[in-house]
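The block underneath contains the structure these notes are about, expressed in structure tokens.
Heavy atoms only: backbone and side chains are in, while hydrogens, waters and symmetry mates are out. Within every chain, numbering begins at 1; the chains are lettered A, B, ... in the order of the sequence lines, protein sequences first and strands thereafter.
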Number of protein chains: 2
Amino acid sequence: MDGGTALAPVEREESLTEKVYRSLRGALTGGRLAPGQRLVHRTLAAELNVSPTPVREALLRLVSEAALELDARGIAWVPRLELPRYREIMELRVELEGRAVARATELATFTDVARLRDLHAGVAEGRRTGNAAQVLRENERFHFALLELARMPVLARVVESLWLQAGPTISLLFRPGTSAVPGAHPHMDLLAAMAARDPAAARQAMERDLRAHGALIEAALERGGG
Amino acid sequence: MDGGTALAPVEREESLTEKVYRSLRGALTGGRLAPGQRLVHRTLAAELNVSPTPVREALLRLVSEAALELDARGIAWVPRLELPRYREIMELRVELEGRAVARATELATFTDVARLRDLHAGVAEGRRTGNAAQVLRENERFHFALLELARMPVLARVVESLWLQAGPTISLLFRPGTSAVPGAHPHMDLLAAMAARDPAAARQAMERDLRAHGALIEAALERGGG
DNA sequence: ATATCGCATTTGCTATAGCAAACAACAAGG
DNA sequence: CCTTGTTGTTTGCTATAGCAAATGCGATAT
């Protein structure tokens, strides 16, 4: 019985808690849960056809990641992001994702950069067709793939958490039409810098990318969007 | 009925989940839970005289904060910190706590700095008497008070999470005697810089402080402590 | 019309129960 | 002595039940 050495280890199928968590996470970053929305665990459980227990666990997990908050009564809800807090999140993202992209530039192979180029194509297509949801979704994939390349798991986890905190507000306020920044998309500069093995330039491109997006959201927040 | 306006709002007493969470958190940073230790939720519940549910919730919360991990079977355990990951955590702490102390220096009043001085006295006392647990505990209070002064809640939360990830390993390996760095304690330089309203100097002092501690742990990890 | 009281409902929190998979220990066989 | 099979135990996961506090609503009184 040794033909088995070629077999991959069986994947333990994920728990219900995990499934609910992923579903909620996707809803948060995908803009299907708006700031202010309340999430009553029993109600959600009924909708998802599971018992309240795994739903409650998933909600508490999101609370511990600051993606949700509990009101005075203990009911989970999507927090409204005030401008100062949004700015703080963006400052941290600039620093941390900047670091990550510099590191990724040192480590990335030609193939890695090519893959990133493919991912950016999705973003570009969304921009052309004015599909905000697609832009956000593909942009997220691009950034997370980049984070992966940096081989900094602790940092990556922090950025994911920041992403999740800002996600609902960004989804609510982002409109791709508005972001017609002159010149090439910062992602293109970033990819060029990576191909040229220039970590500092890559970092600067990342910073421009984040600040360009960030400025749009800040403007909307100032108009009273939060 | 307006005599009530002077009353503080009644504090909703914390849930059992919260209590268990705090207890475990303290055990992790206080060195009462060593890397490798397994935490079986039913057993723990029996020891704490509560039902398994809140214990399970507290454990899952710590898992989501990367303070604990789940093994293949789903049992929570205190992860062993490999050197690269420890280094990554320290790099992030240097950046983030450095940022925080620079900001705190801009915002802190004379009274704030005096309070920090008091907190450092606890650290100094622990050093004099060779009480490792006291040094770690008071050092934590000092750093968190500093974070509070920076008014950067998102950053503070991230640092707390990093602290928790490194806590068990630090507690395991830290010995105050070893850390007889020549010259004044970096905290003293830091406090002087804050009093002088010099954010850059404060940041540098923080970096020296973290790297001095960090070097001790790294040395112990290299000797095979993890 | 407004305020107040009371009751039914909602809802988070904790405890308990049952299941299934993994594990451990021990017995039987080679 | 080592392997194999069996059986009892451990343990995470999910569902369910009951409690208590908060809430909401309607009735009643002023």
Backbone N/O of B/Lys19 and side chain of B/Ser23: donor-acceptor pair under 3.5 Å: no

Euclidean distance, atom CG of residue A/Leu16 to atom P of D/dG12 [Å, nearest integer]: 17 Å

End-to-end axis angle, where each axis spans five pairs of the helix from C/dA1-D/dT30 to C/dG30-D/dC1, to 10°: 0°

Strand contacts (DNA chain C) in residues 44-59 of chain B, 4.0 angstrom heavy-atom criterion: B/Val50, B/Ser51, B/Pro52, B/Thr53, B/Pro54

A/Gln37 atom CD, over 12 foreign heavy atoms within 6.0 Å: yes

A/Leu155 side chain near A/Glu97 side chain, heavy-atom distance below 4.5 Å: no

d(CZ, A/Arg38; C1', D/dA22) in whole Å: 11 Å

Nearest listed nucleotide, side chain of B/Ser15, among D/dT11, D/dG18, C/dT14: C/dT14

From OH (A/Tyr86) to CD (A/Glu91), nearest 0.5 Å: 11.0 Å

Separation of atom CZ in B/Arg42 from atom P in C/dT14, rounded to whole Å: 18 Å

Interatomic distance, A/Leu60 CG vs C/dT14 P [rounded to whole Å]: 10 Å

Side-chain N or O of A/His41 closer than 4.0 Å to phosphate OP1/OP2 of C/dT11: no

B/Arg115 CZ: over 12 foreign heavy atoms closer than 6.0 Å: no

Spacing between B/Asp71 atom CG and D/dT11 atom C1', to the nearest angstrom: 10 Å

Near-ring test A/His143/A/His120, centroid separation under 6.0 angstrom: no

Side chain B/Glu69, main chain B/Pro79, donor-acceptor under 3.5 Å: no

Value in whole Å for how far the C1' atom of D/dT11 lies from CG of B/Leu70: 13 Å

Sugar-phosphate, base or nothing in reach of B/Ile75, heavy atoms under 4.0 Å: sugar-phosphate

Distance in angstrom units between A/Glu18 CD and D/dT14 P, rounded: 10 Å

Whether A/Ser171 side chain and A/Thr29 backbone form a donor-acceptor pair below 3.5 Å: yes

Given D/dT10, D/dA22, D/dG12, the nucleotide with the shortest approach to the side chain of A/Arg73: D/dA22

Residues, nucleotides or ligands: over 12 heavy atoms within 6.0 Å of A/Arg141 CZ: no

Any B/Thr17 side-chain nitrogen or oxygen under 4.0 Å from OP1 or OP2 of C/dT14: yes

